[in-house]
Structure formats: C-alpha cells, structure tokens
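As a basis for the values below, the full set of heavy atoms in this structure was taken, side chains included, without hydrogen atoms, waters or symmetry mates. No experiment lies behind these values; they were computed from the predicted model shown.
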Amino acid sequence: MASLSIPGVEDPDESGLSAPVCRTVTPGGDVLLLAPGDSAAARAAAHAQDDDLAVVMEITDVAPVSVPHRIRGRAWVAGWLTPVRNDQRARCAMLLAERHPVGELLGVGEALQPEPAPGRYGQAAWMMLRLEVGECAVDDLWGAESVEPDEFADASPDPLVAHEAELLQHLDASHGEQVRALCSLLGERAADLCGVRDHAVPVALDRFGLRVRFTGAADQRSFDARFDFPEPVRDVAELRRAMHALFDAATE
C-alpha cells in the first residue's frame, strides 16, 4: 500500500483510489509508478514540466493474515517526481509488466498512448511516473534506520516476496499447531511465554527465517519470536525443506 504526498498539493480523494496501483525499481534505483491520470500526483507532475517536484512516497506494510497489530512497518522514499516521457515509456512499461500481475497493469497500454498536447481537452486515464530517490527511511519489525540512495539502488528483492502472502496464509490455515509448537525452540523462555492455549500466527517470512506472533488466550498480550533458517533460502523448494527442519526441531 503506497501513497504520494507533495508539499502544497492536496489530494481530494480520501478513498485511496488515486494512489499508484503498482510500482517497481529500475536498475538505476529510480521508482516507477503507474498512477491514475487524474490523481493529484499525476496532474502536478504533468504541470511541473521540467521543474523539480518534491514528493514523499509512504509505503505501509500490512500482514496478510488476521493478527493483532497488523501493520508490520512503514517506509518513506523522498525525492523528485516526473512523468515518464517519449521513448522511455515502452522500456518502463516492460519493467512494470515483468514484476507485476497482469490485473494491476490494465492501465499500461493506455499510458503508452501519445501524450495529450498542452491544453487538450481530457486527461490520460493512467500515467507512468518516475521518482528519483533522494533519501529513504524504514521503520518496521526489525527496527528503524535510514537508507542511502546507493544502498536502495543496490538492494535486491527477497526471493520469497512474490509468494510471502500466500505462504503465510497457508501456514496459518493448515499448519497452526506446528507453528504454535515452534515456541518450544525459545529455550528457557518457553515455559514462561508459551501456554497451551496460546494462539500463534506467522506474520512475516523472508529468505532468512519466519516471524511468529504469539498471543495469550487470557490477557491477549502478544510477543513476536523470530525463527532463523540455518542458511538463507533461495526459492520455495529450499523454503519447504527449511520449514520442515524447523517443525522437526520443535518436536524433538
């Protein structure tokens, strides 16, 4: 979930429908966005022409499972916003198409049409925007820190990012008892923290491990525990083996 904030520009749409529908990062570290053509961000970028248009993109990460305190973190990317123009649009559309499902890209074809001339009646239904990154910050389950633009450009997506939501939902629906049993791996803390009626929900998954939120049945207080894999996994097949190793260790 992402939203754009431009100093001095108000977005009258509070429904969230004017937010970018998809985004990706170029090899050079710019953020590409596909936004409704009548959104405040698209209109401001079109009117700014070649002037720098300062913008802050806020990304909210929400757990894809039902759990107390579902927001896992927020990130802020500040920089300068411009429309993707001319021969760059086809290349940028290819990047978006490579990394997002077709359902989110229904506006790409329209965004590739010739741009309306200044003053022409009507607006494009969709517009591709480029955010040149100036600074970043992250505040999530792992802590808060700033990220330099070079670090942002060099970062690579986690290999499980496209599958995380489905995998967490599957673990929650079909392996609840096994997930709850992981509490036994907490060593001396297990006796104090893990009651027989505690509810356990997997809330985050990446190549390094699984994070589980344990909630007490009586007082509803919760705590998170991180269960690291022996080594980072590279795909779903390796994840399956790592999860079986975790479950087996919890039953020994």
Side-chain angles (χ1 to χ4, degrees), residues 1-6 16-46 48-62 64 73-116 123-138 140 147-167 206-207 234-236:
M1 183 187 305
S3 62
L4 297 175
S5 176
I6 300 173
L17 296 177
S18 65
V21 294
C22 61
R23 62 186 181 275
T24 192
V25 180
T26 71
D30 292 341
V31 181
L32 297 178
L33 305 160
L34 182 64
D38 61 353
S39 64
R43 287 186 278 108
Q49 298 298 327
D50 295 327
D51 294 336
D52 289 339
L53 181 66
V55 65
V56 177
M57 178 173 65
E58 179 177 343
I59 302 171
T60 304
D61 180 26
V62 181
R74 287 187 170 89
W76 296 267
V77 181
W80 301 272
L81 194 68
T82 57
V84 176
R85 298 188 184 279
N86 304 323
D87 59 341
Q88 298 179 357
R89 290 190 291 167
R91 184 168 62 253
C92 291
M94 290 284 290
L95 282 173
L96 285 168
E98 286 175 2
R99 303 177 188 180
H100 284 275
V102 174
E104 295 178 326
L105 293 177
L106 297 179
V108 163
E110 200 278 341
L112 285 171
Q113 298 302 311
E115 298 176 71
Q123 294 176 313
W126 298 95
M127 182 180 289
M128 280 185 290
L129 302 171
R130 181 190 301 273
L131 197 170
E132 180 185 349
V133 176
E135 57 181 327
C136 312
V138 178
D140 59 17
V147 180
E148 293 297 323
D150 290 345
E151 295 176 308
F152 180 85
D154 292 341
S156 58
D158 189 272
L160 302 180
V161 66
H163 312 285
E164 186 200 18
E166 180 182 358
L167 290 168
D206 56 44
R207 65 184 180 273
R234 293 171 293 183
D235 51 37
V236 174

Is the shortest heavy-atom distance from the side chain of [X] to the side chain of [Y] under 4.5 Å?
| X | Y | result |
| --- | --- | --- |
| R23 | L131 | no |
| L33 | L4 | yes |
| C136 | W76 | no |
| P159 | D235 | no |
| L95 | L32 | yes |

Roughly how far, to the nearest 0.5 Å, is the [atom2] atom of [Y] from the [atom1] atom of [X]?
| X | Y | atom1 | atom2 | answer |
| --- | --- | --- | --- | --- |
| L53 | E132 | CG | CD | 12.0 Å |
| R89 | R130 | CZ | CZ | 12.5 Å |
| L129 | D30 | CG | CG | 12.0 Å |
| M94 | T24 | CE | OG1 | 12.5 Å |

Next item on the list: Output all residues satisfying salt bridge (charged side-chain N to carboxylate O under 4.0 Å, His left out) with E58, sequence neighbours left out; order by chain, then residue number.
Entry: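 Partners of E58 under the salt bridge (charged side-chain N to carboxylate O under 4.0 Å, His left out) test: R74.
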Could you report the tightest heavy-atom contact between [X] and [Y], atom names first, then the distance?
| X | Y | value |
| --- | --- | --- |
| A153 | G29 | CB-CA, 3.7 Å |
| F152 | V133 | CE2-CG2, 3.8 Å |
| A42 | G37 | CB-O, 3.6 Å |
| V56 | A78 | CG2-CB, 4.1 Å |

Margin query: Please check this pair: side chain of D158 against backbone of R207, looking for a donor-acceptor N/O pair closer than 3.5 Å.
Written below: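 Answer holds: yes.
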Next item on the list: Determine whether more than 12 heavy atoms belonging to other residues, nucleotides or ligands lie under 6.0 Å from atom CD of E135.
Entry: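 No - once you tally the heavy atoms of other residues, nucleotides and ligands closer than 6.0 Å, there are 12 at most.
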Could you go through residues 160-167 and list every donor-acceptor pair under 3.5 Å that involves a side-chain atom there, pairing it with any protein atom two or more places apart or in another chain?
unit_1: E164; atom_1: OE1; unit_2: R72; atom_2: NH2; d: 3.2
unit_1: E164; atom_1: OE2; unit_2: R72; atom_2: NH1; d: 2.8
unit_1: E164; atom_1: OE2; unit_2: L205; atom_2: N; d: 3.0

